[in-house]
Amino acid sequence: MIDVHYWPTPNGFKVTIMLEETGLDYRIVPVDIGAGDQFKAEFLRICPNNRMPAIIDHDPIGGGAPLSIFESGAILEYLADKTGQFLPKTGPERYKVLQWVHWQMANLGPMMGNANHFKNYAKNLIDDASQLEYGTKRFVGEVDRLSGVMDAQLSVNRYLAGADYSIADMIAWPWAMLLPRLIQEDVLKDFPHLKRWIDEVAERPAVQKGRKVGKELTERKLTEEEEAARRKLLFNQTNDKVRAAREAAAKAVA
Ligand SMILES: N[C@@H](CCC(=O)N[C@@H](CS)C(=O)NCC(=O)O)C(=O)O
């Protein structure tokens, strides 16, 4: 059994899609990131980075004590090795997949996260319009560049890493499919190959199931006060704030 410490967001969907694709047994442990569960002592023990997703595999590769893993890229690589699916075991084909996994983790995810922040959230937080404009231009520009990188790759390959569907697709898709919603409704008109791939991956039953996991957790509309508290918690996390949360969590356990 695998515990998935999870909240329904693009980084969370990567893991549930892979678990649905491979048919492994799992159970969801909700981490309400808007309410601060990512700072609880028991979560920080498995993910010192106070970000979900993370997993605990009670029947890990090679046996032994339960194994915890954080970072969605590392989680999918582990699950691929555990099941022997969606990532070649050795050879050049393995590295073709892993380069796209690392590309997503270091580029598309963070840049889309920041573009989303400036386009959709920062207007409630910044008074200086020029700051908003600079941040939006910088990160939306990067997302445009990265969309072009995917489009070029998908113009000559059916999937991101080549001819076969792999963990690279499962890692990039949950972000790429949000391009119209987070960046601009008609953004995919300039990237026809990327659109073809988004639509094709969306048809997979495991993808449809995986992206719905935990939907009920966010169905309740938050009050204005709850929204404000959530923004305060999620944005501008400096080490001071995180250290204070960590210390409070440790005190509560002692
Ligand atoms: N690189 C990490 C990113 C994870 C991440 O950013 N998770 C967000 C939700 S999508 C989170 O837990 N945020 C909590 C916070 O900002 O305090 C991964 O892919 O696992």
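Note that ligands are numbered from 1 as they come in the structure, with each ligand's atoms numbered from 1 the same way. Basis for what follows: all heavy atoms, side chains included, without hydrogens, waters or symmetry-related copies. Counting from 1, the numbers follow the sequence of the chain as shown.
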- Is the shortest distance from a Lys or Arg side-chain nitrogen in Arg196 or Glu200 to a carboxylate oxygen in the other one below 4.0 Å? yes

- Query: What about Met52: any of its N or O atoms under 3.5 Å from an N or O on ligand 1?
  - Reply: yes

- Salt bridge Glu226-Arg220, side-chain N to carboxylate O under 4.0 Å: yes

- Item | Shortest protein heavy-atom distance from atom 9 (C) of ligand 1, along with the residue and atom involved | Ile33 CD1, 3.7 Å

- Find all atoms of ligand 1 within a distance of less than 4.0 Å from any non-hydrogen atom belonging to Gln237, and give their numbers and elements. 15 (C), 16 (O), 17 (O)

- Query: Where does Glu71 meet ligand 1, judged by heavy-atom distances below 4.0 Å: at the side chain, the backbone, both, or neither?
  - Reply: both

- Query: Between Arg94 and Glu77, is the closest basic N to carboxylate O distance under 4.0 Å?
  - Reply: yes

- Task: If you have a sec, work out which protein heavy atom is nearest atom 6 (O) of ligand 1 and how many Å separate them, to one decimal?
- Result: Arg51 CD, 3.5 Å

- Message: Just to confirm my output: which protein heavy-atom neighbour is closest to atom 19 (O) of ligand 1, and how far is it?
- Response: Ser72 OG, 2.6 Å

- Message: So is Pro53 touching ligand 1 or not, going by heavy atoms under 4.0 Å?
- Response: yes

- Task: Identify, by atom number and element, the atoms of ligand 1 in contact range of Gln38, meaning under 4.0 Å from any of its heavy atoms.
- Result: 14 (C), 15 (C), 17 (O)

- Query: Going by the atom numbers of ligand 1, which of them fall below 4.0 Å from some non-hydrogen atom of Met105?
  - Reply: 1 (N), 18 (C), 19 (O)

- Query: Would Arg51 count as a cation-pi partner of Phe70, with NZ or CZ less than 6.0 Å from the six-membered ring centre and within 45° of the ring normal?
  - Reply: no

- Under 3.5 Å, side chain of Asp151 to main-chain N/O of Ser147, donor-acceptor pair present? no

- Before accepting this row, confirm whether a basic side-chain N of the pair Arg45/Glu42 lies closer than 4.0 Å to the acidic partner's carboxylate O. no

